[in-house]
Amino acid sequence: MPEGHTIHRLARDLGRDLDHGPVAALSPQGRFAEGAARIDGNIFDKSEAYGKHLFCYWRTGDILHVHLGLIGKFRPTPLDDDPGDTIRLRLEGRDAAWHLTGPQSCAIITPEDRDDITAKLGPDPLRRGAKRRDDFISRLGSTKRPIGAALLDQSIVAGIGNVYRAELLLLTGIHPSRPACDLDEEQAGELWDLTVRQLKRGRKWNRIVTVSDDDVDRRVTHNIAPEDALYAYHRSDEPCRRCGTLIEAREIAGRSIWFCPSCQPR
DNA sequence: TACATATGATCAT
DNA sequence: TGATCCTATGTAA
């Protein structure tokens, strides 16, 4: 379930599991046979996330670039399992194996390619960097498109997807159709700060939970039922958890967004 | 069995 | 804006 938090968590977990020596690679599905053969037996150095892009660095200098797209998954699997024929890539270290299915992209790239990819991305709330916040504010300020469209644009901010955009706008009380450049600096800054906090929480729990602990009666985050974890996403005609007004849906940037007409006035 | 849908992005028109 | 790609899952037929 890939928004930025998933990819950052993946980078961390892959690093933990594969950073012990040579890694076996194969493509049971066949569509990445050449790439897998090139990686096979090589030393894994580190992995890194940038927005929704995952980069795995090999001692040979090769970089594995993975983008999960809408339906892709990259998950740990028992060492002794039987890889099915939809597994694009299997990576197997000494103690752990991972299976990649349905990626939007999976390729061996060069450091130059990697830089070309990241150069097109806006600031990533989960990466370090002193100017990220100002960068976000300035990029929002320079588009008249609706804020609901701007948050999905990876060249404005890298890592937000359809769930977080709805949740972040409800939590900040911003109507999704408001032009991004209409937000004042304080409001845009608040939106960035909230994004950082929420994505960190998502990375920690490896799932999206935006409701505050108060709102879930102090239950621990990982025990929250899926239907209780969010304020807005996919909650058409259900009462807002903050004010009781019925949640509405509309389409922005080709995707559905849900919002509270009272908490998020125009 | 078939279809709709999904936390994404690209390409064509 | 619409079609398309990739896979898994849930619901309908």
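First the proteins, then the strands, lettered A, B, ... as listed; each starts at 1.
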Trainee: Taking only the P atom of each, what is the distance from B:dT13 to C:dC5 in whole angstrom?
Mentor: 14 Å
Trainee: Taking only residues two or more places apart in sequence, or in another chain, which ones meet A:Arg59 in a side chain to side chain donor-acceptor pair (under 3.5 Å)?
Mentor: A:Asp45
Trainee: Scan A:Arg165 against the nucleic acid and name what it touches under 4.0 Å (heavy atoms): base, sugar-phosphate only, or nothing.
Mentor: nothing
Trainee: Given the rule that a pair is Watson-Crick or G-U wobble with both distances under 3.5 Å, how would you write DNA chain B in dot-bracket, using | for pairs to a different strand?
Mentor: ||||||.|||||.
Trainee: Are there any protein N/O atoms within less than 3.5 Å of an N/O atom in nucleotides 8-11 of chain B, and if so, which ones and at what distance?
Mentor:
from	atom 1	to	atom 2	distance (Å)
B:dG8	OP1	A:Lys52	NZ	2.7
B:dG8	OP2	A:Asn162	N	3.2
B:dG8	OP2	A:Arg255	NH1	2.7
B:dG8	OP2	A:Arg255	NH2	2.8
B:dG8	O4'	A:Gly69	O	3.4
B:dG8	O4'	A:Leu70	N	3.0
B:dG8	N2	A:Gln104	NE2	2.9
B:dG8	N3	A:Gln104	NE2	2.8
B:dA9	OP1	A:His67	NE2	3.4
B:dA9	OP2	A:Lys52	NZ	3.1
B:dA9	O4'	A:Gln104	OE1	3.2
B:dA9	O4'	A:Gln104	NE2	3.3

Trainee: Can you tell me, in whole Å, how much space there is between the P of C:dA3 and that of B:dT5?
Mentor: 14 Å
Trainee: Which side-chain N or O atoms in residues 80-88 of chain A pair as donor and acceptor under 3.5 Å with protein atoms at least two apart or in another chain?
Mentor:
from	atom 1	to	atom 2	distance (Å)
A:Asp81	OD1	A:Arg90	NH1	2.9
A:Asp81	OD2	A:Thr77	OG1	2.1
A:Arg88	NE	A:Gln29	OE1	2.8

Trainee: With under 30° as parallel and over 60° as perpendicular, where do the rings of A:His53 and A:His67 fit, or are they tilted in between?
Mentor: perpendicular
Trainee: Round to the nearest Å and state the distance from A:Tyr233 atom OH to B:dA6 atom C1'.
Mentor: 6 Å
Trainee: Under 3.5 Å, side-chain donor or acceptor atoms of residues 163-173 of chain A against the rest of the protein: list the pairs with distances, not counting sequence neighbours.
Mentor:
from	atom 1	to	atom 2	distance (Å)
A:Tyr164	OH	A:Gln198	O	3.4
A:Arg165	NE	A:Asn162	OD1	2.9
A:Arg165	NH1	A:Gly148	O	2.7
A:Arg165	NH1	A:Ile252	O	3.1
A:Arg165	NH2	A:Asn162	OD1	3.1
A:Arg165	NH2	A:Ile252	O	3.2
A:Arg165	NH2	A:Arg255	O	3.0
A:Arg165	NH2	A:Ser256	O	3.3
A:Glu167	OE1	A:Thr210	OG1	2.6
A:Glu167	OE1	A:Tyr231	N	2.7
A:Glu167	OE2	A:Tyr231	N	3.4
A:Glu167	OE2	A:Ala232	N	2.8
A:Glu167	OE2	A:Tyr233	N	2.8
A:Thr172	OG1	A:Leu168	O	2.6
A:Thr172	OG1	A:Leu169	O	3.4

Trainee: Could you give all pairs that pass the ring-ring contact (aromatic ring centres under 6.0 Å, His included) test and reach residues 24-50 of chain A, with sequence neighbours left out?
Mentor: A:Phe44-A:Trp58
Trainee: Using the salt bridge (Lys or Arg N to Asp or Glu O under 4.0 Å) rule, pick out the option among A:Lys200, A:Arg132, A:Arg133 that qualifies with A:Asp193.
Mentor: A:Arg133
Trainee: With sequence neighbours excluded, what pairs up with A:Arg235 under the salt bridge (charged side-chain N to carboxylate O under 4.0 Å, His left out) test?
Mentor: A:Glu238
Trainee: Please give, in whole Å, the distance from B:dT5 C1' to A:Lys73 NZ?
Mentor: 12 Å
Trainee: Say we look at C:dT9 and B:dA9: how far apart would their P atoms be, to the nearest angstrom?
Mentor: 22 Å
Trainee: Only counting residues at least two apart or in another chain, list the ones meeting side chain to side chain donor-acceptor pair (under 3.5 Å) with A:Glu112.
Mentor: A:Thr110
Trainee: Applying side chain to side chain donor-acceptor pair (under 3.5 Å), name anything that partners A:Arg145, two or more places apart in sequence or on another chain.
Mentor: A:Asp153
Trainee: Please name all residues satisfying salt bridge (charged side-chain N to carboxylate O under 4.0 Å, His left out) with A:Asp13, sequence neighbours left out, ordered by chain then number.
Mentor: A:Arg9, A:Arg16
Trainee: Under 4.0 Å, counting only non-hydrogen atoms across every strand here, what does A:Glu251 touch: a base, just sugar-phosphate, or nothing?
Mentor: nothing
Trainee: Using the P atoms only, state how far B:dT1 lies from C:dC6, rounded to an integer number of Å.
Mentor: 22 Å
Trainee: Below 4.0 Å from chain A heavy atoms, what is the first contacting nucleotide of DNA chain C and what is the last?
Mentor: C:dC6 to C:dA8
Trainee: Only counting residues at least two apart or in another chain, list the ones meeting salt bridge (charged side-chain N to carboxylate O under 4.0 Å, His left out) with A:Asp40.
Mentor: none
